[in-house]
Amino acid sequence: MGREQQHLRSHHGQQQALAAVNSFELSSQGEPLRNKRQRLIYLCDDEPEQVDQLIHHLRCFGHEVVQFIDTDTFFNAVLTRRPDAVIMDVQFPQGQTAGTETLTSLNKLTGQPLPAIVLSAHSDFHSRLSAVRAGCGGYFTKPVKPLDLMLAVDELTAPAAEEPLKVLVVDDEPEAAAYHALLLEEGGMSVHQVHHPADALDAMERFSPDLVLVDVYMPVCSGEELASIIRQQPEHLGLPIIYLSCETDSQKQMTAMSAGVEAFLTKPVQPEELVSAVRLRAERLRLLRSLMTRDSMTGLYNHSTTTELINKNLAQAHRDNSQHAMAMIDIDHFKQVNDTHGHLAGDQVIITLARLLKSRLRLSDIIGRYGGEEFVVLLKGINAEKAAKLIDSLREDFALVDFHAGEVPFRCTFSAGISSFPAQPSTESLRLSADQALYRAKHHGRNQVVISTEPTDDR
């Protein structure tokens with residue numbers, strides 16, 4: 001660690017670090033659609049020409065990549081601006097394991113292990129041992145397939161969940177509600193409090209909780225009655241409900257649970273018991289919802305869920321007088337990919353396009369797999385021209401992604417059609433208009449984006 005620290009203390013070392021970050025950093029401040037999935041990746045390799053293709057692929061997927069050719073500059077840059085992930089070579093002129101030793105030094109110095117992957121021309125035991133000791137999450141030997149390494153980077157940097165579990169607390173005693181809410185918030189959950197049962201249904205509509213925590217004994221409406229009201233709503237049939245009460249009589253507890261609630265916790269509840277009981281049941285519902293609403297291969301919304309979400313967003317857009325754009329995307333000659341390279345290769349293409357859409361679009365945009373090799377995207381708050389420009393940039397990058405079927409490399413393209421709201425006022429008319437534009441893109445040679453010229457349609 002002495003060599004790196006000595007270099008860090010020098011003014012020249014600091015200036016080198018700042019210069020490296022400033023010269024290689026991909027500025028995207030002007031991008032109107034910058035999204036929270038973008039990752040800052042530091043790649044340190046003293047043979048930069050060998051990683052050019054990898055850097056290209058990482059940037060295609062929206063990641064910000066800063067490249068370093070020596071460990072000293074990399075060391076200082078990490079202390080100046082911490083990355084989300086590191087891709088590090090093992091051997092440098094300074095030593096056989098200089099790369100992983102630098103990672104170890106940084107981890108000790110900062111007390112925060114860097115998410116790191118080794119990319120090296122060497123696969124000997126000592127190189128691999130040094131990577132393990134540096135806490136690296138993966139080890140790849142050159143030449144590496146970019147998609148394999150990118151998958152590892154995604155796994156390394158993926159958050160545990162895109163959003164915290166959401167709990168609605170219904171209790172007529174504000175102090176009790178606040179106390180239980182605090183315990184759940186300290187457990188990493190998002191909590192909304194309601195102090196009158198009559199406000200619960202409206203809060204559920206706005207907050208979309210993963211679980212409801214209800215006090216059993218409330219004036220005007222008991223917890224049992226509120227649970228029965230909630231269960232009358234078809235959309236809330238599977239929503240977990242947990243009772244909180246001072247009641248200790250087991251027979252009365254069983255009677256109270258007749259409305260189909262998940263659990264009965266007795267006040268005063270132990271903090272760990274409350275957090276554990278809520279998390280277990282809320283996560284189970286979220287998993288079931290995911291299985292019902294997501295496509296199993298890509299993790300994108302399935303056809304029916306996509307349509308439902310677009311319907312809701314258009315209803316809101318009518319009220320807000322806002323504009324949206326829809327893109328229908330279809331992989332070109334996909335049957336030929338399956339016939340030539342096999343279905344596993346075809347699956348790889350579908351999954352990669354899904355990952356590209358997720359990595360480059362905003363969290364607020366709706367991305368769905370409509371079936372087979374077709375995808376639909378609702379881009380919020382932009383017109384058709386801006387949407388077409390964005391989708392076209394994705395098309396250009398997707399066309400440069402290298403796929404492999406065994407050792408055989410191949411590339412794919414996609415075509416897209418764009419329609420806009422409110423010119424097309426309904427989900428169905430938006431889809432039909434975008435589909436007709438997609439047909440024209442296919443008819444005119446594929447691998448292009450076409451904006452709909454359809455007139456306003458009230459279908």
Side-chain angles (χ1 to χ4, degrees), residues 24-43 51 53-67 83-87 115 117 137-138 144-163 290 294-301 306 309 325 327-331 347-370 373-382 386-403 411-414 416 449:
F24 287 107
E25 194 171 308
L26 290 183
S27 175
S28 55
Q29 296 302 314
E31 289 289 333
L33 298 178
R34 182 180 177 87
N35 85 62
K36 294 180 181 178
R37 294 190 184 96
Q38 185 185 54
R39 297 286 178 260
L40 172 62
I41 299 170
Y42 284 178
L43 191 152
V51 292
Q53 187 186 38
L54 172 61
I55 292 172
H56 161 75
H57 278 73
L58 287 167
R59 288 175 175 168
C60 280
F61 278 69
H63 297 308
E64 181 181 351
V65 185
V66 185
Q67 185 179 0
D84 296 299
V86 171
I87 300 172
I117 293 171
V144 63
K145 294 173 183 176
L147 286 179
D148 291 342
L149 189 58
M150 287 167 56
L151 178 63
V153 170
D154 282 355
E155 292 295 327
L156 201 63
T157 60
E162 290 200 351
E163 62 176 332
S290 177
R294 302 262 179 189
D295 169 60
S296 59
M297 180 189 293
T298 63
L300 301 180
Y301 292 120
T306 303
L309 290 172
M328 295 292 294
I329 297 170
D330 189 85
I331 299 171
D347 290 350
Q348 181 188 39
V349 174
I350 288 174
I351 292 168
T352 300
L353 180 52
R355 296 174 78 86
L356 180 65
L357 294 171
K358 287 177 70 175
S359 68
R360 293 279 288 274
L361 301 180
R362 300 165 296 179
L363 291 170
S364 59
D365 293 326
I366 296 169
I367 311 168
R369 184 182 179 198
Y370 241 42
E373 67 273 24
E374 192 171 38
F375 299 79
V376 65
V377 178
L378 186 71
L379 298 153
K380 298 184 185 179
I382 63 172
K386 287 183 179 178
K389 185 177 180 181
L390 173 66
I391 298 299
D392 202 49
S393 71
L394 299 182
R395 179 193 61 80
E396 290 174 349
D397 287 338
F398 182 70
L400 296 174
V401 172
D402 293 311
F403 299 99
R411 289 182 173 181
C412 289
T413 62
F414 70 71
V449 178

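Asp347 contributes atom CG, which lies 3.5 Å from atom CE of Met297 (distance to the nearest 0.5 angstrom). Between Gln53 atom CD and Leu58 atom CG the span is 11.0 Å, to the nearest 0.5 Å. Here the CG atom belonging to Asp330 is positioned 8.5 Å from the CE atom belonging to Met328, to the nearest 0.5 angstrom. If you take NZ on Lys358 and CD1 on Ile367, they are separated by 7.5 Å, rounding to the nearest 0.5 Å. Taking CG of Leu356 as the reference point, atom CZ of Arg360 lies at 6.0 Å (rounded to 0.5 Å). Taken to the nearest 0.5 Å, the CD1 atom of Ile41 stands 5.5 Å off from the CD1 atom of Ile87.
Salt bridge annotation for Asp397-Arg59: absent, with no cationic side-chain nitrogen under 4.0 angstrom from a carboxylate oxygen. Between Asp295 and Arg369 there is a salt bridge, since a side-chain N of the basic residue sits under 4.0 Å from a carboxylate O of the acidic one. Note on Arg362 versus Asp365: salt bridge recorded, some NZ/NE/NH1/NH2 to OD/OE distance being below 4.0 Å.
In this structure, Val153 and Ile117 approach most closely via the heavy-atom pair N-CD1, 3.7 Å. The two residues Gly368 and Thr306 make their nearest non-hydrogen contact at CA-OG1, 3.3 Å. Minimum interatomic distance between Ala399 and Thr413 (heavy atoms only, all atoms of both residues): CB-CG2, 4.0 Å. Shown here for Val349 and Cys412, the closest heavy-atom pair between the two residues is CG2-SG, 3.8 Å. Contact between Leu300 and Ala354 at its shortest, heavy atoms only, is CD1-CB, 3.7 Å. Taking both residues in full, the closest heavy atoms of Ile329 and Ala416 are given as CG1-CB, 4.0 Å, listed atom of the first, atom of the second, then distance.
The one candidate from Leu357, Leu353, Val377 that meets the side-chain contact (heavy atoms from CB on, under 4.5 Å) condition with Leu394 is Leu357.
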Stepwise side-chain contact (heavy atoms from CB on, under 4.5 Å) check, Val401 with Arg411: CA-CA 6 Å; Val401 172; Arg411 289 182 173 181; over 6 Å; no
Going through the distances and angles, do Leu379 and Lys386 end up as a side-chain contact (heavy atoms from CB on, under 4.5 Å)? CA-CA 10 Å; Leu379 298 153; Lys386 287 183 179 178; over 6 Å; no
Please evaluate residues Leu361 and Leu390 with respect to the criterion side-chain contact (heavy atoms from CB on, under 4.5 Å), reporting the C-alpha separation (whole Å), side-chain torsions for both, the decisive distance (0.1 Å), and the verdict. CA-CA 9 Å; Leu361 301 180; Leu390 173 66; 3.4 Å; yes
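Remark: aromatic rings of Phe375 and Tyr370 are distant, center separation not under 6.0 Å.
Residues satisfying the side-chain contact (heavy atoms from CB on, under 4.5 Å) criterion with Lys145, sequence neighbours excluded, are Asp148, His404, Glu407. Every residue two or more places apart in sequence or in another chain that forms a side-chain contact (heavy atoms from CB on, under 4.5 Å) with Val51 is listed here: Leu43, Asp45, Ile55, Gln67, Leu119.
With contacts defined as side-chain heavy-atom distances shorter than 4.5 Å, the pair Ser359/Arg39 does not qualify. For the pair Val449/Lys389, no side-chain contact is recorded, criterion being any heavy-atom separation below 4.5 Å from C-beta on. Side-chain atoms of Met150 and His57, non-hydrogen and from C-beta on, do get closer than 4.5 Å to each other.
Other residues, nucleotides and ligands place no more than 12 heavy atoms under 6.0 Å from the OH atom of Tyr301.
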